[in-house]
Asker: 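Dropping the structure in here first, questions after.
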Amino acid sequence: MVLSNTSIFSLFFSIKTTIIALFFLLIFLSPSYCLYHHKHKSQDSTKGLLGEKKTRLGSIPPSCYNKCNQCHPCMAVQVPTTLSHHPVEPSRVKDMPMEYFDSSSPSIGADRHNNISSRNSLFFSPSIITFQRTPSSFTRKSLSISASSSSRALEALIFDCDGVILESEHLHRQAYNDAFSHFNVRCLSSSDDGSLNWSLEFYDVLQNQIGGGKPKMRWYFKEHGWPTSTIFPLEDDRDRAKLIDTLQDWKTERYKQIIKSGTVKPRPGVLRLMDEAKASGKMLAVCSAATKSSVILCLENLIGLDRFHGLDCFLAGDDVKEKKPDPSIYITAAKKLGVSESICLVVEDSVIGAATGAGMSCVITYTSSTADQDFKEAIAIYPDLSDVRFNDLESLLQDVVVMK
């Protein structure tokens, strides 16, 4: 069959038209066109949605590098799938607090790469650390400091007794000298007539170097020679140990008589600070190197029975093998309280306290006999506790992390 020129032209035109139509149809149906068209069609609503969601949750997420890239679907970790009913203007984003993940947290960091599909749940994790956004950038160091501050919240306040709850040095010295006089204890090096009497100046030094009554006497007699007395002759180490036990028992009873006289009062601010700690739901303890019976007597008469029985922990020199400055008594207290030493704060009056040796922070409320000591390891030094509040101590313990 022979086609005319008109028929050939018509066939060619039809084929050309069909090809052009198919070309535009393919472009119209291509994925890139659909995404482009959908993106521009919903750009305004998507922009408002993302701005609203991110602002409502705190800020533009760190995964967006502090700007919105208009991703669809949104890849930001913090954006939930539900619609907010309380729009927030995008211009307010810069004034909102920022949320940061602590990648070193055991609850997040260990499983971070295994839980990408559940990122939205991470946003509500208690391990998230909140900062107020400032023009300066946050470094990893600042994040770790804040994390540590949270972990160093004060949970247990521990008081020494002698020198802290009461200014007792002169009372103990009086009781020792009364015991030496009662048993006619004589040391050739102590005085012209040999009678033993510890002076105020000497006892200030002694009680700040050696904790506990028996260790004090044992050290003194080893340095200055074992004494004679009306108790019994000293023939061996067993007699020497019995001498010290007898003197300490008599001294303790004499000290109790002085405390019961009603002339002794607690140091300023102690009772109020104890009450504030308990009112804050924190644990309260007393740790003393003195004998248990004398410490119990002091506490019952000076802080009252209710406060004494409300203590979460009470330890005396009888409860540990080693006396201060050995840190055993504070380490034992932390175990009994069930807390880490790092969240305990000790109130001491001298460097002998051994709190820092136990890994605990310490504040000093010095006395006239300890005022000249070097308290470089203390985080605060006070003449007394009259102007000190419990929330001040909480802030101090958290600030220790920043200083370190």
Side-chain angles (χ1 to χ4, degrees), residues 160-163 165-264 286-302 314-326 328-329 350 352 354 369:
D160 183 20
C161 185
D162 293 330
I165 295 178
L166 73 160
E167 197 159 353
S168 58
E169 290 85 355
H170 64 290
L171 305 179
H172 283 290
R173 186 180 72 89
Q174 178 185 338
Y176 279 120
N177 287 335
D178 289 347
F180 299 151
S181 175
H182 179 77
F183 291 105
N184 195 26
V185 176
R186 294 180 176 272
C187 288
L188 296 178
S189 61
S190 60
S191 63
D192 293 338
D193 62 354
S195 60
L196 181 57
N197 187 287
W198 284 343
S199 67
L200 177 62
E201 293 77 15
F202 173 79
Y203 190 76
D204 280 349
V205 176
L206 180 65
Q207 62 95 19
N208 287 319
Q209 291 182 346
I210 302 175
K214 293 180 182 181
K216 283 183 175 69
M217 288 187 286
R218 190 177 296 111
W219 176 87
Y220 183 85
F221 294 144
K222 285 182 177 180
E223 291 291 321
H224 300 275
W226 286 91
T228 61
S229 71
T230 58
I231 302 177
F232 43 73
L234 303 180
E235 297 180 354
D236 53 27
D237 289 341
R238 183 178 300 178
D239 291 337
R240 295 185 181 96
K242 188 175 181 179
L243 170 67
I244 290 178
D245 288 343
T246 303
L247 289 172
Q248 182 64 34
D249 291 344
W250 198 95
K251 176 262 176 184
T252 298
E253 293 303 315
R254 175 60 180 143
Y255 182 74
K256 289 179 181 179
Q257 292 177 359
I258 298 173
I259 295 296
K260 288 180 179 178
S261 67
T263 59
V264 183
V286 172
C287 294
S288 173
T291 55
K292 178 165 286 189
S293 58
S294 64
V295 180
I296 290 176
L297 181 73
C298 286
L299 296 179
E300 288 179 343
N301 283 271
L302 295 176
F314 162 63
L315 293 175
D318 314 58
D319 297 312
V320 291
K321 293 182 179 180
E322 300 294 334
K323 307 284 187 180
K324 298 177 181 179
D326 187 274
S328 299
I329 194 167
S350 69
I352 196 177
S369 64

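Below, each value reflects all heavy atoms present in this structure, side chains not excepted, and no hydrogens, waters or symmetry copies.
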Asker: I need the minimum non-hydrogen distance between G225 and C187, along with the two atoms involved.
Answerer: O-SG, 3.7 Å
Asker: How far apart are the C-alpha atoms of K256 and T252, what are their side-chain angles, what is the distance that settles it, and do they pass the side-chain contact (heavy atoms from CB on, under 4.5 Å) test?
Answerer: CA-CA 6 Å; K256 289 179 181 179; T252 298; 3.9 Å; yes
Asker: Taking only residues two or more places apart in sequence or in another chain, which ones pass salt bridge (Lys or Arg N to Asp or Glu O under 4.0 Å) with K242?
Answerer: none
Asker: Does the side chain of S369 come under 3.5 Å of the side chain of Q207 through a donor N or O and an acceptor N or O?
Answerer: yes
Asker: For D239 and P233, work out which heavy atoms get closest and say how close.
Answerer: OD2-O, 3.6 Å
Asker: How far apart are the closest heavy atoms of C287 and D160, and which atoms are they?
Answerer: O-OD1, 3.2 Å
Asker: Does the side chain of R240 reach to within under 4.5 Å of the side chain of R218, using non-hydrogen atoms?
Answerer: no
Asker: Please say which of Y255, W198, W250 ends up in a side chain to side chain contact (heavy atoms under 4.5 Å, CB included) with Y176.
Answerer: W198
Asker: Within the structure provided, determine whether N177 and Y203 are in side-chain contact (heavy-atom separation under 4.5 Å).
Answerer: no
Asker: I'd like to know whether S229 forms a side-chain contact (heavy atoms from CB on, under 4.5 Å) with L243, so could you lay out the CA-CA distance, the side-chain angles of the two residues, the decisive distance to 0.1 Å, and finally the verdict.
Answerer: CA-CA 9 Å; S229 71; L243 170 67; 3.9 Å; yes
Asker: Within a strict 4.5 Å, meaning less than it, do heavy atoms of the V320 and D326 side chains meet?
Answerer: no
Asker: Is the closest basic N to carboxylate O distance between K292 and D318 below 4.0 Å?
Answerer: no
Asker: Report the C-alpha separation of F180 and N197 in whole Å, then their side-chain angles, then the decisive distance to 0.1 Å, and conclude whether the side-chain contact (heavy atoms from CB on, under 4.5 Å) test is met.
Answerer: CA-CA 7 Å; F180 299 151; N197 187 287; over 6 Å; no
Asker: Grab the two heavy atoms, one from L302 and one from V264, that are nearest each other, plus how far apart they are.
Answerer: CD2-O, 3.3 Å
Asker: Yes or no on side-chain contact (heavy atoms from CB on, under 4.5 Å) for Q257 and K260, after CA distance, side-chain angles and deciding distance?
Answerer: CA-CA 5 Å; Q257 292 177 359; K260 288 180 179 178; 5.9 Å; no
Asker: Could you tell me if K216 sits above the aromatic ring of Y220, with its cationic atom closer than 6.0 Å to the ring centre and no more than 45 degrees from the axis?
Answerer: no
Asker: If I compare all heavy atoms of G211 with all of A289, which pair ends up nearest, and what's the gap?
Answerer: C-CB, 4.4 Å
Asker: Give the ring-plane orientation class for H224 versus F202, where under 30° counts as parallel, over 60° as perpendicular and anything between as tilted.
Answerer: perpendicular
Asker: Does any pair with a residue in residues 194-208 pass salt bridge (charged side-chain N to carboxylate O under 4.0 Å, His left out), and if so which ones, sequence neighbours excluded?
Answerer: none
Asker: Any donor-acceptor pair under 3.5 Å linking the side chain of T230 with the backbone of F183?
Answerer: yes
Asker: Show the nearest heavy-atom pair for residues I258 and L171, with the distance to one decimal.
Answerer: CG2-CD2, 3.8 Å
Asker: State which residues pass ring-ring contact (aromatic ring centres under 6.0 Å, His included) with W219; sequence neighbours excluded, sorted by chain then number.
Answerer: none
Asker: Charged N to carboxylate O below 4.0 Å: is that the case for D245 and K214?
Answerer: yes
Asker: Could you check if a side-chain atom of F221 sits within less than 4.5 angstrom of a side-chain atom of L196, using non-hydrogen atoms only?
Answerer: yes
